[in-house]
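Notes follow once the structure below has been shown.
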Protein chains: 2
Amino acid sequence: MYRIGELATLCKIKTDTLRFYDKQGLFVPSSRTESGYRLYTKKDAQRLRFILRAKTIGFTLVEISELLSIELDKSNKACADVKSLVDLKLADISQKIEQLHYFKNALQQLSSDCCGGPESAQHCSILEALESTSSAKNRTNNGHHQAHSHATK
Amino acid sequence: MYRIGELATLCKIKTDTLRFYDKQGLFVPSSRTESGYRLYTKKDAQRLRFILRAKTIGFTLVEISELLSIELDKSNKACADVKSLVDLKLADISQKIEQLHYFKNALQQLSSDCCGGPESAQHCSILEALESTSSAKNRTNNGHHQAHSHATK
DNA sequence: ATAAACCTTAGACTTAAATCAAAGGTAAAG
DNA sequence: CTTTACCTTTGATTTAAGTCTAAGGTTTAT
(Lines give C-alpha, C1' and ligand atoms only; values in the text may rest on other atoms or scores of the structure.)
Protein backbone atom coordinates (compact mmCIF):
# COMPACT_ATOMS: atom_id res chain seq x y z
CA MET A 1 0.00 0.00 0.00
CA TYR A 2 1.37 3.37 -1.02
CA ARG A 3 0.31 6.69 0.30
CA ILE A 4 -0.10 9.52 -2.16
CA GLY A 5 3.37 10.97 -1.66
CA GLU A 6 5.07 7.62 -2.09
CA LEU A 7 3.24 6.82 -5.27
CA ALA A 8 3.94 10.30 -6.58
CA THR A 9 7.69 10.10 -6.08
CA LEU A 10 7.68 6.55 -7.38
CA CYS A 11 6.11 7.69 -10.64
CA LYS A 12 7.77 11.10 -10.74
CA ILE A 13 4.62 13.15 -10.69
CA LYS A 14 3.08 15.50 -8.17
CA THR A 15 0.61 14.61 -5.48
CA ASP A 16 -1.55 17.36 -6.95
CA THR A 17 -1.76 15.47 -10.17
CA LEU A 18 -2.85 12.32 -8.37
CA ARG A 19 -5.57 14.20 -6.51
CA PHE A 20 -6.61 15.75 -9.78
CA TYR A 21 -6.88 12.34 -11.44
CA ASP A 22 -8.87 11.15 -8.46
CA LYS A 23 -11.29 14.05 -8.72
CA GLN A 24 -11.66 13.42 -12.46
CA GLY A 25 -12.47 9.80 -11.77
CA LEU A 26 -9.57 8.76 -13.96
CA PHE A 27 -7.51 7.19 -11.22
CA VAL A 28 -9.22 6.56 -7.91
CA PRO A 29 -7.33 4.92 -5.03
CA SER A 30 -8.48 1.45 -4.00
CA SER A 31 -9.09 2.56 -0.44
CA ARG A 32 -8.63 5.23 2.18
CA THR A 33 -7.44 5.21 5.77
CA GLU A 34 -9.92 6.04 8.50
CA SER A 35 -8.53 9.55 8.52
CA GLY A 36 -9.06 9.86 4.76
CA TYR A 37 -5.57 9.27 3.36
CA ARG A 38 -5.56 7.74 -0.07
CA LEU A 39 -4.15 4.23 -0.24
CA TYR A 40 -2.89 2.78 -3.49
CA THR A 41 -2.10 -0.86 -4.21
CA LYS A 42 0.58 -2.26 -6.52
CA LYS A 43 -2.15 -2.84 -9.05
CA ASP A 44 -3.07 0.83 -8.78
CA ALA A 45 0.53 1.73 -9.45
CA GLN A 46 0.45 -0.39 -12.56
CA ARG A 47 -2.67 1.36 -13.66
CA LEU A 48 -1.00 4.71 -13.12
CA ARG A 49 1.96 3.70 -15.21
CA PHE A 50 -0.46 2.75 -17.94
CA ILE A 51 -2.03 6.19 -17.73
CA LEU A 52 1.31 7.97 -17.86
CA ARG A 53 2.46 5.93 -20.78
CA ALA A 54 -0.74 6.64 -22.64
CA LYS A 55 -0.27 10.31 -21.99
CA THR A 56 3.22 10.46 -23.45
CA ILE A 57 1.87 8.98 -26.64
CA GLY A 58 -0.64 11.74 -27.01
CA PHE A 59 -3.84 10.26 -25.65
CA THR A 60 -5.98 12.73 -23.78
CA LEU A 61 -7.16 11.95 -20.28
CA VAL A 62 -10.64 11.37 -21.65
CA GLU A 63 -9.37 8.82 -24.15
CA ILE A 64 -7.42 7.12 -21.43
CA SER A 65 -10.54 6.96 -19.31
CA GLU A 66 -12.29 5.28 -22.20
CA LEU A 67 -9.54 2.73 -22.50
CA LEU A 68 -9.57 1.99 -18.81
CA SER A 69 -13.32 1.88 -18.62
CA ILE A 70 -13.04 -1.26 -20.66
CA GLU A 71 -11.75 -2.83 -17.52
CA LEU A 72 -14.05 -1.18 -15.06
CA ASP A 73 -17.22 -1.93 -16.94
CA LYS A 74 -16.16 -5.32 -18.02
CA SER A 75 -19.00 -7.22 -16.43
CA ASN A 76 -21.57 -4.71 -17.63
CA LYS A 77 -20.63 -4.83 -21.25
CA ALA A 78 -20.95 -7.44 -23.88
CA CYS A 79 -17.81 -8.73 -25.50
CA ALA A 80 -19.02 -7.30 -28.75
CA ASP A 81 -19.03 -3.81 -27.28
CA VAL A 82 -15.59 -4.17 -25.84
CA LYS A 83 -14.26 -5.53 -29.08
CA SER A 84 -15.58 -2.70 -31.17
CA LEU A 85 -14.23 -0.06 -28.83
CA VAL A 86 -10.87 -1.75 -28.74
CA ASP A 87 -10.77 -2.07 -32.48
CA LEU A 88 -11.49 1.62 -32.81
CA LYS A 89 -8.60 2.49 -30.57
CA LEU A 90 -6.43 0.02 -32.42
CA ALA A 91 -7.05 1.80 -35.69
CA ASP A 92 -6.17 5.03 -33.97
CA ILE A 93 -2.93 3.67 -32.65
CA SER A 94 -1.96 2.09 -35.93
CA GLN A 95 -2.35 5.43 -37.62
CA LYS A 96 -0.24 7.12 -35.00
CA ILE A 97 2.46 4.53 -35.48
CA GLU A 98 2.37 5.12 -39.20
CA GLN A 99 2.73 8.86 -38.74
CA LEU A 100 5.60 8.35 -36.36
CA HIS A 101 7.41 6.13 -38.82
CA TYR A 102 6.99 8.83 -41.41
CA PHE A 103 8.61 11.31 -39.06
CA LYS A 104 11.27 8.90 -38.05
CA ASN A 105 12.24 8.24 -41.63
CA ALA A 106 12.43 11.92 -42.34
CA LEU A 107 14.60 12.61 -39.33
CA GLN A 108 16.83 9.64 -40.00
CA GLN A 109 17.41 10.80 -43.51
CA LEU A 110 18.13 14.25 -42.18
CA SER A 111 20.62 12.84 -39.72
CA SER A 112 22.40 10.59 -42.17
CA ASP A 113 22.53 13.24 -44.87
CA CYS A 114 24.09 15.59 -42.41
CA CYS A 115 27.87 15.54 -42.31
CA GLY A 116 27.70 16.38 -38.63
CA GLY A 117 30.60 18.78 -38.95
CA PRO A 118 31.03 22.45 -38.20
CA GLU A 119 29.93 23.56 -41.67
CA SER A 120 26.80 25.56 -42.31
CA ALA A 121 23.81 23.26 -42.52
CA GLN A 122 22.72 24.61 -45.85
CA HIS A 123 20.77 21.61 -47.00
CA CYS A 124 19.53 20.23 -43.75
CA SER A 125 15.78 20.51 -43.82
CA ILE A 126 13.03 18.35 -42.50
CA LEU A 127 10.81 19.28 -45.36
CA GLU A 128 13.44 18.25 -47.85
CA ALA A 129 13.78 14.98 -46.03
CA LEU A 130 10.04 14.51 -45.99
CA GLU A 131 9.87 15.19 -49.68
CA SER A 132 12.33 12.47 -50.40
CA THR A 133 10.77 9.94 -48.05
CA SER A 134 7.34 10.57 -49.43
CA SER A 135 8.69 10.37 -52.96
CA ALA A 136 10.41 7.15 -52.01
CA LYS A 137 6.99 5.92 -51.00
CA ASN A 138 4.77 7.33 -53.69
CA ARG A 139 6.88 7.36 -56.81
CA THR A 140 9.04 4.48 -57.87
CA ASN A 141 11.89 6.60 -59.17
CA ASN A 142 11.61 10.25 -59.95
CA GLY A 143 14.79 11.22 -58.17
CA HIS A 144 16.84 14.05 -59.60
CA HIS A 145 17.84 14.32 -55.97
CA GLN A 146 19.88 11.27 -55.00
CA ALA A 147 20.05 10.83 -51.20
CA HIS A 148 23.35 12.42 -50.14
CA SER A 149 22.50 15.80 -51.62
CA HIS A 150 24.41 17.51 -48.85
CA ALA A 151 27.90 16.91 -47.40
CA THR A 152 30.15 19.04 -49.62
CA LYS A 153 29.00 22.60 -49.86
CA MET B 1 -1.50 31.07 -53.71
CA TYR B 2 -4.14 30.37 -51.11
CA ARG B 3 -5.87 32.90 -48.98
CA ILE B 4 -6.41 32.06 -45.35
CA GLY B 5 -9.92 30.74 -45.78
CA GLU B 6 -8.97 28.48 -48.65
CA LEU B 7 -6.04 27.00 -46.81
CA ALA B 8 -8.19 26.55 -43.74
CA THR B 9 -10.91 24.59 -45.50
CA LEU B 10 -8.27 22.67 -47.43
CA CYS B 11 -6.70 21.48 -44.20
CA LYS B 12 -9.90 21.32 -42.16
CA ILE B 13 -8.91 23.82 -39.54
CA LYS B 14 -10.15 27.27 -38.66
CA THR B 15 -8.80 30.55 -39.93
CA ASP B 16 -8.42 31.49 -36.29
CA THR B 17 -5.97 28.70 -35.83
CA LEU B 18 -3.93 29.86 -38.81
CA ARG B 19 -3.80 33.39 -37.47
CA PHE B 20 -2.82 32.00 -34.11
CA TYR B 21 0.02 30.00 -35.65
CA ASP B 22 1.10 33.10 -37.50
CA LYS B 23 1.18 35.16 -34.32
CA GLN B 24 3.16 32.43 -32.57
CA GLY B 25 5.67 32.45 -35.40
CA LEU B 26 5.00 28.76 -35.97
CA PHE B 27 3.53 29.15 -39.41
CA VAL B 28 3.94 32.49 -41.13
CA PRO B 29 2.53 33.06 -44.62
CA SER B 30 5.08 33.59 -47.39
CA SER B 31 3.58 36.92 -48.33
CA ARG B 32 0.71 39.35 -47.94
CA THR B 33 -1.39 41.31 -50.38
CA GLU B 34 -1.09 45.08 -50.37
CA SER B 35 -4.19 45.20 -48.26
CA GLY B 36 -2.64 42.78 -45.77
CA TYR B 37 -4.28 39.47 -46.67
CA ARG B 38 -2.15 36.45 -45.87
CA LEU B 39 -1.00 34.53 -48.94
CA TYR B 40 0.12 30.94 -48.65
CA THR B 41 2.02 28.94 -51.26
CA LYS B 42 1.80 25.21 -51.96
CA LYS B 43 4.98 24.83 -50.01
CA ASP B 44 3.31 26.56 -47.10
CA ALA B 45 0.45 24.11 -47.35
CA GLN B 46 2.93 21.27 -47.17
CA ARG B 47 4.46 22.81 -44.13
CA LEU B 48 1.06 23.11 -42.51
CA ARG B 49 0.31 19.46 -43.16
CA PHE B 50 3.59 18.63 -41.49
CA ILE B 51 2.55 20.67 -38.47
CA LEU B 52 -0.86 19.04 -38.24
CA ARG B 53 0.62 15.58 -38.54
CA ALA B 54 3.13 16.35 -35.83
CA LYS B 55 0.33 17.52 -33.61
CA THR B 56 -1.69 14.35 -33.93
CA ILE B 57 1.32 12.40 -32.77
CA GLY B 58 1.53 14.41 -29.60
CA PHE B 59 4.22 16.97 -30.34
CA THR B 60 3.56 20.33 -28.78
CA LEU B 61 3.61 23.46 -30.91
CA VAL B 62 6.91 24.40 -29.32
CA GLU B 63 8.46 21.09 -30.27
CA ILE B 64 7.13 21.45 -33.77
CA SER B 65 8.67 24.89 -33.99
CA GLU B 66 11.96 23.35 -32.97
CA LEU B 67 11.68 20.76 -35.69
CA LEU B 68 10.82 23.31 -38.31
CA SER B 69 13.48 25.70 -37.16
CA ILE B 70 15.94 23.17 -38.44
CA GLU B 71 14.86 24.28 -41.82
CA LEU B 72 14.55 27.97 -41.20
CA ASP B 73 17.87 28.41 -39.48
CA LYS B 74 19.70 26.06 -41.73
CA SER B 75 22.36 28.44 -42.91
CA ASN B 76 22.92 29.80 -39.43
CA LYS B 77 23.58 26.51 -37.77
CA ALA B 78 26.40 24.09 -38.00
CA CYS B 79 25.63 20.60 -39.17
CA ALA B 80 26.73 19.33 -35.80
CA ASP B 81 23.99 21.35 -34.11
CA VAL B 82 21.35 20.19 -36.49
CA LYS B 83 22.43 16.61 -36.13
CA SER B 84 22.31 16.63 -32.37
CA LEU B 85 18.87 18.23 -32.30
CA VAL B 86 17.58 15.77 -34.83
CA ASP B 87 19.06 12.84 -32.98
CA LEU B 88 17.37 14.02 -29.82
CA LYS B 89 14.02 14.12 -31.54
CA LEU B 90 14.71 10.76 -33.08
CA ALA B 91 15.20 9.21 -29.68
CA ASP B 92 11.96 10.79 -28.62
CA ILE B 93 10.09 9.41 -31.55
CA SER B 94 11.57 5.97 -31.21
CA GLN B 95 10.37 5.84 -27.66
CA LYS B 96 6.91 6.91 -28.67
CA ILE B 97 6.82 4.21 -31.29
CA GLU B 98 7.85 1.67 -28.71
CA GLN B 99 5.13 2.77 -26.34
CA LEU B 100 2.59 2.63 -29.10
CA HIS B 101 3.60 -0.90 -29.99
CA TYR B 102 3.17 -1.83 -26.38
CA PHE B 103 -0.36 -0.46 -26.46
CA LYS B 104 -1.08 -2.01 -29.77
CA ASN B 105 -0.02 -5.42 -28.52
CA ALA B 106 -2.17 -5.06 -25.46
CA LEU B 107 -5.21 -4.06 -27.43
CA GLN B 108 -4.66 -6.72 -30.02
CA GLN B 109 -4.47 -9.34 -27.35
CA LEU B 110 -7.62 -7.95 -25.84
CA SER B 111 -9.36 -8.05 -29.15
CA SER B 112 -8.28 -11.54 -30.04
CA ASP B 113 -9.00 -12.92 -26.57
CA CYS B 114 -12.45 -11.48 -26.81
CA CYS B 115 -15.07 -13.78 -28.15
CA GLY B 116 -16.85 -10.78 -29.62
CA GLY B 117 -20.20 -12.21 -28.72
CA PRO B 118 -23.10 -10.93 -26.63
CA GLU B 119 -21.74 -12.47 -23.41
CA SER B 120 -20.58 -10.39 -20.51
CA ALA B 121 -17.00 -9.34 -21.01
CA GLN B 122 -15.93 -10.67 -17.67
CA HIS B 123 -12.30 -11.21 -18.47
CA CYS B 124 -11.75 -8.54 -21.03
CA SER B 125 -9.34 -6.11 -19.50
CA ILE B 126 -6.62 -3.97 -20.91
CA LEU B 127 -4.64 -4.35 -17.78
CA GLU B 128 -4.75 -8.11 -18.00
CA ALA B 129 -3.56 -7.83 -21.55
CA LEU B 130 -0.83 -5.42 -20.55
CA GLU B 131 0.31 -7.73 -17.80
CA SER B 132 0.85 -10.50 -20.24
CA THR B 133 2.59 -8.36 -22.83
CA SER B 134 4.83 -6.68 -20.28
CA SER B 135 5.69 -9.98 -18.60
CA ALA B 136 6.56 -11.31 -22.01
CA LYS B 137 9.01 -8.47 -22.33
CA ASN B 138 10.52 -7.94 -18.90
CA ARG B 139 10.86 -11.31 -17.31
CA THR B 140 12.43 -14.20 -19.12
CA ASN B 141 10.18 -16.64 -17.38
CA ASN B 142 8.65 -15.81 -14.07
CA GLY B 143 5.24 -16.81 -15.24
CA HIS B 144 2.93 -18.56 -12.90
CA HIS B 145 0.54 -16.87 -15.26
CA GLN B 146 0.90 -18.33 -18.74
CA ALA B 147 -0.41 -16.01 -21.49
CA HIS B 148 -3.97 -17.12 -22.22
CA SER B 149 -5.28 -16.42 -18.74
CA HIS B 150 -8.64 -15.61 -20.23
CA ALA B 151 -11.19 -17.61 -22.20
CA THR B 152 -12.04 -20.41 -19.76
CA LYS B 153 -12.41 -19.21 -16.22
C1' DA C 1 3.13 16.84 23.72
C1' DT C 2 4.80 19.41 20.28
C1' DA C 3 7.48 20.21 15.97
C1' DA C 4 8.16 18.55 11.34
C1' DA C 5 6.59 16.17 7.73
C1' DC C 6 2.91 14.50 5.80
C1' DC C 7 -2.10 14.38 4.65
C1' DT C 8 -7.04 16.54 3.72
C1' DT C 9 -10.27 19.90 1.19
C1' DA C 10 -11.85 23.82 -1.63
C1' DG C 11 -10.82 26.95 -4.72
C1' DA C 12 -7.71 30.23 -7.31
C1' DC C 13 -4.09 30.48 -10.80
C1' DT C 14 -1.25 28.95 -14.92
C1' DT C 15 -0.09 27.25 -19.56
C1' DA C 16 -0.97 25.60 -24.11
C1' DA C 17 -3.83 25.72 -27.74
C1' DA C 18 -7.25 27.28 -29.49
C1' DT C 19 -11.82 29.80 -30.28
C1' DC C 20 -14.83 33.76 -30.13
C1' DA C 21 -16.16 38.62 -30.39
C1' DA C 22 -16.01 43.40 -31.68
C1' DA C 23 -14.98 46.95 -34.78
C1' DG C 24 -13.77 47.87 -39.02
C1' DG C 25 -11.30 47.38 -44.08
C1' DT C 26 -11.83 44.99 -48.96
C1' DA C 27 -13.62 42.88 -53.14
C1' DA C 28 -16.83 40.72 -56.24
C1' DA C 29 -21.61 40.19 -57.51
C1' DG C 30 -26.21 42.12 -58.14
C1' DC D 1 -22.98 51.65 -54.90
C1' DT D 2 -24.27 48.73 -51.57
C1' DT D 3 -24.71 44.03 -49.83
C1' DT D 4 -22.36 39.86 -48.68
C1' DA D 5 -18.57 37.21 -47.80
C1' DC D 6 -14.27 37.55 -46.78
C1' DC D 7 -10.29 39.80 -44.58
C1' DT D 8 -7.76 42.69 -40.75
C1' DT D 9 -6.60 43.62 -35.69
C1' DT D 10 -6.91 43.53 -30.61
C1' DG D 11 -8.46 41.41 -26.83
C1' DA D 12 -11.56 38.22 -24.06
C1' DT D 13 -13.07 33.48 -23.23
C1' DT D 14 -12.70 28.40 -23.24
C1' DT D 15 -10.75 23.74 -22.47
C1' DA D 16 -7.47 20.46 -20.84
C1' DA D 17 -4.32 19.44 -17.63
C1' DG D 18 -2.30 20.61 -14.20
C1' DT D 19 -0.19 23.61 -10.22
C1' DC D 20 -0.51 26.49 -6.22
C1' DT D 21 -2.53 28.48 -1.94
C1' DA D 22 -4.79 28.55 2.37
C1' DA D 23 -6.61 26.56 6.32
C1' DG D 24 -6.57 22.83 8.82
C1' DG D 25 -6.21 17.39 10.39
C1' DT D 26 -2.67 13.23 11.22
C1' DT D 27 1.70 10.63 12.24
C1' DT D 28 6.28 9.95 13.62
C1' DA D 29 10.24 11.35 16.00
C1' DT D 30 12.19 13.54 19.88
Side-chain angles (χ1 to χ4, degrees), chain A residues 1-41 44-45 47-69 89 92 96 99, chain B residues 1-41 44-45 47-69 89 92 96 99:
Chain A
M1 287 297 201
Y2 308 105
R3 284 192 305 179
I4 197 171
E6 295 167 330
L7 185 59
T9 48
L10 194 68
C11 292
K12 284 162 196 165
I13 58 173
K14 305 222 160 167
T15 55
D16 291 303
T17 304
L18 286 172
R19 292 199 194 92
F20 173 70
Y21 288 172
D22 186 354
K23 212 191 305 181
Q24 302 297 302
L26 171 59
F27 181 57
V28 178
S30 303
S31 57
R32 297 264 185 146
T33 64
E34 281 167 24
S35 48
Y37 285 24
R38 290 168 180 81
L39 289 176
Y40 299 94
T41 64
D44 287 336
R47 224 150 70 90
L48 179 58
R49 268 179 236 112
F50 174 91
I51 290 169
L52 298 176
R53 251 176 231 262
K55 247 171 46 64
T56 70
I57 309 173
F59 283 106
T60 67
L61 298 190
V62 168
E63 287 173 320
I64 296 171
S65 289
E66 269 171 43
L67 281 170
L68 284 172
S69 77
K89 288 294 168 195
D92 215 72
K96 275 189 180 167
Q99 302 273 289
Chain B
M1 288 296 201
Y2 308 105
R3 284 191 304 177
I4 198 171
E6 295 168 330
L7 185 60
T9 49
L10 194 68
C11 291
K12 285 163 196 161
I13 57 173
K14 306 221 158 166
T15 55
D16 291 304
T17 305
L18 285 172
R19 291 200 196 91
F20 173 69
Y21 287 172
D22 186 354
K23 212 192 305 180
Q24 303 296 302
L26 171 61
F27 180 57
V28 178
S30 302
S31 58
R32 297 265 187 147
T33 65
E34 282 168 24
S35 48
Y37 286 23
R38 290 169 182 80
L39 289 175
Y40 299 94
T41 64
D44 288 337
R47 224 150 70 88
L48 179 56
R49 268 179 236 112
F50 173 90
I51 290 168
L52 298 176
R53 251 178 232 263
K55 248 170 47 63
T56 70
I57 309 172
F59 283 106
T60 67
L61 298 191
V62 169
E63 287 174 319
I64 297 170
S65 289
E66 270 172 42
L67 282 170
L68 284 171
S69 77
K89 289 292 169 199
D92 215 73
K96 276 189 179 167
Q99 303 274 288

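All values below come from the heavy atoms of this structure, side chains included, with hydrogens, waters and symmetry mates left out.
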For residues [X] and [Y], determine if any side-chain heavy atom of one lies less than 4.5 Å from a side-chain heavy atom of the other.
X	Y	value
B:Arg19	B:Arg38	yes
A:Ser65	A:Gln24	no
B:Leu7	B:Phe27	yes
A:Arg47	A:Leu26	no

DNA chain C contacts made by residues 7-20 of chain B, counting heavy atoms under 4.0 Å: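 Here the set is B:Lys14, B:Asp16, B:Thr17, B:Phe20.
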Can you tell me how far the [atom1] atom of [X] sits from the [atom2] atom of [Y], to the nearest 0.5 Å?
X	Y	atom1	atom2	value
A:Thr33	A:Leu39	OG1	CG	5.5 Å
B:Ile13	B:Tyr21	CD1	OH	6.0 Å
A:Asp22	A:Thr15	CG	OG1	12.0 Å
A:Thr9	A:Ile4	OG1	CD1	11.0 Å

Under 4.0 angstrom between A:Arg38 side-chain N/O and C:dT8 OP1 or OP2: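 Checking A:Arg38 against C:dT8: at least one side-chain N or O falls below 4.0 Å of OP1 or OP2.
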Trace of the side chain to side chain contact (heavy atoms under 4.5 Å, CB included) decision for B:Leu48 with B:Leu10: CA-CA 11 Å; B:Leu48 179 56; B:Leu10 194 68; over 6 Å; no
Contact boundaries on DNA chain D for chain A, cut-off under 4.0 Å to non-hydrogen atoms: D:dA17 to D:dT27
Nearest heavy-atom neighbours spanning A:Glu6 and A:Arg3: OE1-N, 2.7 Å
Footprint string (nucleotides 25-30 of chain C, 5' to 3'): B base within contact, S backbone only, - free, heavy atoms under 4.0 Å: BBS---
Calculate the interatomic distance between [X] atom [atom1] and [N] atom [atom2]; express it in whole Å.
X	N	atom1	atom2	answer
A:Tyr2	C:dC7	OH	P	15 Å
A:Arg32	C:dC7	CZ	C1'	10 Å
A:Leu39	C:dC6	CG	P	16 Å
B:Leu48	C:dA18	CG	P	11 Å
A:Lys23	C:dC7	NZ	C1'	16 Å
A:Ile4	C:dT8	CD1	C1'	10 Å

Distance-only donor-acceptor hits, side chain of residues 50-60 of chain B, under 3.5 Å, sequence neighbours excluded:
unit_1	atom_1	unit_2	atom_2	d
B:Thr56	OG1	B:Arg53	O	2.8
B:Thr60	OG1	B:Val62	N	3.4
B:Thr60	OG1	B:Glu63	N	3.1

Return the polar atom pairs (N/O with N/O) between nucleotides 2-5 of chain C and the protein under 3.5 Å, or none.
none

Residues that B:Asp44 engages under side-chain hydrogen bond (donor to acceptor under 3.5 Å, both in side chains), provided they are two or more places apart: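 B:Ser30, B:Thr41.
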